[in-house]
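Before any comments, here is the structure.
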Amino acid sequence: MPAITLPDGSERRFDGPVTGTTVAASIGPGLAKAALAMKLDGRMVDLSTEIADDAKVVFITRRDGDALELIRHDTAHVLAEAVQELYPGTQVTIGPSIENGFYYDFARNAPFTTADFPAIEAKMREIVARGAPFVRSVQNREEATAFFEAKGESYKAELIRDLGADQTITFYSQGDWIDLCRGPHMRTTGDVGTAFKLMKVAGAYWRGDHRNPMLTRIYGTAWRDQKELDAHLHMLEEAEKRDHRRIGKDMNLFHMQEEATGSVFWHPKGWKLYRTAEAYMRRRLEAGGYDEVKTPQLVDRALWEASGHWDKYREHMFQAQVDDEDKTLALKPMNCPCHVLIFRQGLRSYRELPLRMAEFGACHRYEPSGALHGIMRVRAFTQDDAHIFCTEAQIAPETVRFVALLSSVYRDFGFDSFRVKFSDRPDVRAGTDETWDRAEGALKEACAIAGVDYELNPGEGAFYGPKLEFVLRDAIGRDWQCGTLQVDFVLPERLDAEYVGEDGARHRPVMLHRAILGSFERFLGILIEQYAGRFPLWLAPVQVAIATVVSDADPYAFEVAQALKAAGLTVVTDTANSKINAKIRDHSLQHVPVIAIVGRKEAEGRTLVLRRLGVEKQETLPLHDAVARLAQEALAPDLAPDLARDAARGRAAEVLEAVVM
RNA sequence: GCCGCUUUAGCUCAGGGGUAGAGCAACUGAUUCGUAAUCAGUAGGUCGUAGGUUCAAUUCCUACAAGCGGCACCA
C-alpha cells in the first residue's frame with residue numbers, strides 16, 4: 001500500500017506496487033505525456049520503476065534542468081546504435097553524459113572523422129524518429145558476459161567482469177539494439193528530441209590508461225530544444241573569438257614559433273602587459289612580507305640528485321653541457337631547491353620564521369608535445385613562486401594569510417570567483433600518517449578560518465604533502481590550475497634545511513610552496529580571455545590612442561602625447577593620413593581603452609575629447625584635467641583601491657555580457 | 001607521448017600533376033576629411049621541412065616538424 005508524496009506535499013495511495021507511469025497518469029494526462037523519468041526519494045530512476053513502498057516522487061519533465069543529463073545520456077545510446085548500424089564490427093564501450101553534452105568511445109580499426117558526422121547524425125535522427133522504448137532488464141553475470149563475448153564486444157565483457165559482485169547487471173534495449181547500462185533512461189528514443197549535434201572526434205585511452213589501446217571518442221552536445229542548442233553553439237563561437245592565441249595575434253602581443261617550441265616571444269605590447277602584472281605582483285609581495293630573490297637557471301645535477309628530482313623528474317628536465325667541463329647542468333624546472341640553498345646560508349633562528357622567500361623564477365620543463373597549449377601550457381615559463389619556511393604551528397596562519405593575499409590579487413585582476421581543490425595524501429607518499437594528519441589538518445583548519453570552500457581531490461596531493469589548487473576557467477570552459485599552496489616536509493629533510501629553535505636545538509622547518517598567478521604565461525593567457533583583450537586601463541598595454549582629425553593638429557597631438565607620457569601613461573600618436581573614422585576603427589579593434597581625438601577645435605581650445613572603447617558618448621576636458629583624470633584612472637588597483645578595482649570588475653562583467661568586437 | 005585533423009603572402013582564406021590567387025595589412029601617391037573602413041597604384045610566396053613516384057610535384061605517396069581538438073601527463 002504505497003503512499004506517494006508529491007513535491008507539493010500532497011499524497012496519493014495505491015493498493016499495490018505501481019510504476020511511475022501509472023502514478024503520473026493518475027495525476028493527469030498532461031503529466032503522463034510530459035514525464036520523462038522520476039526522482040524516487042531523491043534518486044533518478046526510470047519512469048517504469050515499480051514503487052512498492054512509501055516514497056517521495058518528483059516527476060522530471062523536459063522543463064527540468066535535470067532532464068538535460070537524461071537527454072544527453074540517451075543521446076549517447078542513440079549515437080552508439082547509429083554507429084553500429086552504419087559501421088558493423090565497431091565495438092561499443094562507454095558513453096556518459098558530460099557538461100554540455102555526451103561522448104561515446106568506440107573501438108574500430110579505421111577511426112572516424114568529422115566527415116562521417118552527417119551520415120551518423122542522419123541515422124541518429126532516424127532512430128529518434130522510431131521512438132523505440134528503452135527497456136530495462138536484469139541479467140546474470142555469466143549470461144551477460146557470454147552475450148557480449150559472442151557479439152565480439154570484448155570491452156563490454158571486460159566491464160561486466162570488473163563489476164563488483166554485489167552490483168546488479170542491467171541491460172537497456174532500444175528496439176533491436178541492446179547495451180550494458182546502469183541507467184536511468186527516458187521512456188523512448190523519441191524523448192531524445194532533435195536538439196543535438198556531433199562536435200568532434202578524439203582519441204581516448206580505454207579506461208583512461210595510456211597503457212591501454214586507444215579508442216575513438218565522438219563528442220556531441222545535446223539540449224532540451226533547438227533554442228538551447230543554438231545558444232550553446234553561439235556561445236562557443238563567441239568564446240572562440242576570445243581565444244588568447246587569436247587575440248595575441250590580433251593585438252600583436254606575442255607569437256610562438258617552431259624554433260622555440262613551447263616558448264613565448266613577447267612583443268612590445270605583450271611584454272608591457274607582462275611587466276604591468278609583474279610590477280603589481282612585486283608590490284603586493286613586498287607589502288605582504290616577502291623577500292624577493294633571484295636564483296640561477298643552470299644548476300649542477302648534484303643539486304637535483306640531492307633534491308630527488310634527478311631520480312623522479314629527469315625526463316622533464318632540459319640538460320646542458322659544455323665541451324670544456326665534465327659537468328652536467330640542468331635548467332631548473334622549479335625554484336624550491338635553489339631557495340633552500342639560500343635558506344641554508346648561515347645559521348637560521350626561529351626568530352626569522354616564517355621566512356617568505358619569493359622569486360619570479362624562470363623555469364623550463366620538457367612537457368609532452370601533446371600537452372602544449374598556446375601560452376597556457378609551455379616549456380619555458382616564469383612562476384610567481386615563493387617558499388615560506390615556517391614551523392608546523394605556522395602552517396595554518398600562513399595559509400590564511402596566503403589565501404587572503406591570493407583572493408585580493410584575483411579580485412584586482414577581475415576574478416571574483418575561483419575554484420579551490422584540496423588534494424590530500426596520495427597512495428605513494430613520503431612521511432608518516434601522523435605527519436600527514438597534522439599537515440592536512442592544518443590546511444583544513446586554515447581553509448575554515450579563511451572561509452575557503454574547496455572540493456576534495458582525493459589522493460591527488462604531492463608525494464611530499466597536501467596541496468590547495470586555485471583553478472581559473474578559460475573562455476571555452478577549460479580549467480587551469482593557477483595558484484597553489486603545498487605543504488612540504490620532505491624537501492627540507494632531503495636538502496638539510498634547519499633552524500635553531502627557542503630551545504637551542506636544531507629543527508627542520510616546514511616549507512610551504514606557493515604561487516598566486518602560477519605562471520605569468522598561463523595567467524596572462526587567462527587574463528586575455530577573461531577580458532577578451534579589452535583590458536581595464538591599468539592593464540592595457542596601450543592606454544590612450546591620440547588620433548588627429550587634420551594634420552594641422554599634429555603639433556598639438558605631440559604635445560598631448562608628451563603630457564600623457566609624463567603622467568605615466570602609455571600612448572600611441574596616430575597622425576596618419578587617414579580619416580578619423582578609420583582611426584577610431586583601428587584603435588577600437590586594437591582594444592585601446594581611451595581614444596583622444598584632436599582636431600583644430602581641440603588644438604585651439606587646448607582641450608581633449610575622450611572616447612572610451614566601444615562607447616559613442618564622449619567628453620571634452622581641458623588638457624590638464626584630462627591628463628590628471630587619466631593618470632588617476634590608470635593607477636593599479638593596489639595604488640588606487642576603489643577606483644580601479646570597480647572599473648576592473650565592471651569591465652569584466654560587461655565583457656561577459658557583450659558580444660565581442 | 002597516443003589518436004585524428006591541419007600547414008599556400010604579415011593576417012584570414014581560395015586553388016590545384018604543367019612552378020600560384022583574393023580581401024585586409026604593408027609601401028607609394030592623391031586627398032586634410034569630426035567619431036568603427038577615402039581613392040588609386042606598387043610590392044609581397046622554395047605552397048612547413050626532407051625524401052619518393054612522375055617527362056613534370058606546391059598538388060600524389062612516405063617520414064619528420066609545428067599547430068589544432070581530445071586522451072594521457074601536469075612532481
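Computed from a predicted structure; not experimentally measured. First the proteins, then the strands, lettered A, B, ... as listed; each starts at 1.
Using a 4.0 Å heavy-atom criterion, one finds that A:Gln481 contacts no nucleic acid atom at all. Among the atoms of the strands shown, only primed sugar atoms or phosphate atoms (P, OP1, OP2) are found under 4.0 Å from some heavy atom of A:Lys249. At the heavy-atom level, A:Arg611 lies under 4.0 Å from base atoms of the strands shown. Within the nucleic acid shown, A:Ile580 comes within 4.0 Å of sugar-phosphate atoms alone, with no base atom in reach, counting heavy atoms only. Residue A:Pro111 is in sugar-phosphate contact alone, with no base atom involved, counting any heavy-atom pair closer than 4.0 Å across all strands shown. If you check every strand for non-hydrogen atoms under 4.0 Å, A:Ala371 touches a base. Counting non-hydrogen atoms under 4.0 angstrom, A:Gly208 reaches the backbone sugars and phosphates but no base. Residue contacts for A:Lys467: at a heavy-atom cut-off of 4.0 Å it reaches the sugar-phosphate backbone alone, with no base atom in range.
Classification of A:Asp496 and A:Arg508 as a salt-bridged pair holds, one side-chain N sitting under 4.0 Å from a carboxylate O. Between A:Arg478 and A:Glu529 there is no salt bridge, since no side-chain nitrogen of the basic residue lies less than 4.0 Å from a carboxylate oxygen of the acidic one. The pair A:Arg72-A:Glu69 does not meet the salt-bridge criterion, since no charged nitrogen lies less than 4.0 angstrom from a carboxylate oxygen. Here A:Asp209 does not pair with A:Arg207 in a salt bridge; the nearest charged N to carboxylate O distance is not below 4.0 Å. Look at A:Arg246 and A:Asp250 and you find a salt bridge, because one of the NZ, NE, NH1 or NH2 atoms lies within 4.0 Å of a carboxylate O, short of that distance. Between A:Glu521 and A:Arg365 there is no salt bridge, since no side-chain N of the basic residue sits under 4.0 Å from a carboxylate O of the acidic one.
The nucleotide whose nearest atom lies closest to any side-chain atom of A:Ala582 is, among B:C71, B:U35, B:U38, B:U38. Checking B:G1, B:G70, B:U35 against every side-chain atom of A:Val609, the shortest atom distance belongs to B:U35. Distance from the side chain of A:His210 is smallest for B:A72 among the nucleotides B:G34, B:G70, B:A72. When the nucleotides B:U32, B:C71, B:G69 are ranked by their closest atom to the side chain of A:Ala204, B:C71 comes out on top. Taking the side chain of A:Arg600 as heavy atoms from C-beta on, and the options B:C33, B:U35, B:A37, the nearest nucleotide is B:C33. Out of B:U35, B:G70, B:C74, the shortest distance to the side chain of A:Arg365 is found at B:C74. Side-chain proximity of A:Tyr366 to B:G1, B:G34, B:G70: nearest is B:G1. Minimum atom distance to the side chain of A:Arg377 is reached by B:C74, of the listed B:C33, B:U35, B:C74.
A gap of 14 Å separates the P atoms of B:A14 and B:G48, to the nearest Å. Taking the C1' atom of each, B:U32 and B:U19 are spaced 46 Å apart, rounded to whole Å. Comparing the C1' positions of B:G29 and B:U7 gives a spacing of 37 Å, expressed to the nearest Å. Comparing the P positions of B:C61 and B:U53 gives an interatomic distance of 16 Å, to the nearest angstrom. Comparing B:C5 with B:G41, their C1' atoms are spaced 41 Å from each other, to the whole Å. Taking atom C1' on both nucleotides, B:G18 is separated from B:C73 by 49 Å, rounded to a whole Å. B:C24 and B:G67: their P atoms are spaced 31 Å apart (whole Å). Across the C1' atoms, B:A25 and B:U59 are found 28 Å apart, a figure rounded to whole Å.
Applying the 4.0 Å criterion to OP1 and OP2 of B:C71, one finds that A:Tyr219 has a side-chain N or O inside that range. At B:U38, none of the side-chain N or O atoms of A:Lys579 fall inside 4.0 Å of OP1 or OP2 (strictly under the cut-off).
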Give me the distances for all protein-to-nucleotides 63-68 of chain B N/O pairs that come in under 3.5 Å?
from	atom 1	to	atom 2	distance (Å)
B:A65	O2'	A:Glu258	OE2	2.6
B:C68	OP1	A:Arg245	NH1	2.9

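In terms of polar N and O atoms assigned as donor or acceptor, the side chain of A:Tyr205 never comes within less than 3.5 Å of the base of B:G70 in a complementary pairing. For A:Glu602 against B:G34, a side-chain-to-base donor-acceptor contact under 3.5 Å is present.
At least one donor-acceptor pair closer than 3.5 Å links the side chain of A:Trp304 to the backbone N or O of A:Val299.
Classification of the A:Phe318-A:His364 ring pair by plane angle, with boundaries at 30° and 60°, yields perpendicular. Ring geometry for A:Tyr87 against A:Phe112 counts as perpendicular: the plane angle is over 60°, on a 0 to 90° scale with 30° as the lower cut.
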(request) Under 3.5 Å for both distances, Watson-Crick or G-U wobble, that's the pair rule; now give the dot-bracket for RNA chain B, with | marking pairs to another strand and [ ] for crossing ones. (result) (((((((..((((....[..)))).(((((.......))))).....(((((..]....))))))))))))....

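The minimum heavy-atom distance linking A:Cys363 with A:Pro333 is given by the pair CB-O, 3.6 Å.
Taking CE of A:Met357 as the reference point, atom CD1 of A:Ile342 lies at 5.0 Å (rounded to 0.5 Å).
Taking the centre of each ring, A:Tyr104 and A:Phe106 come in below the 6.0 Å mark.
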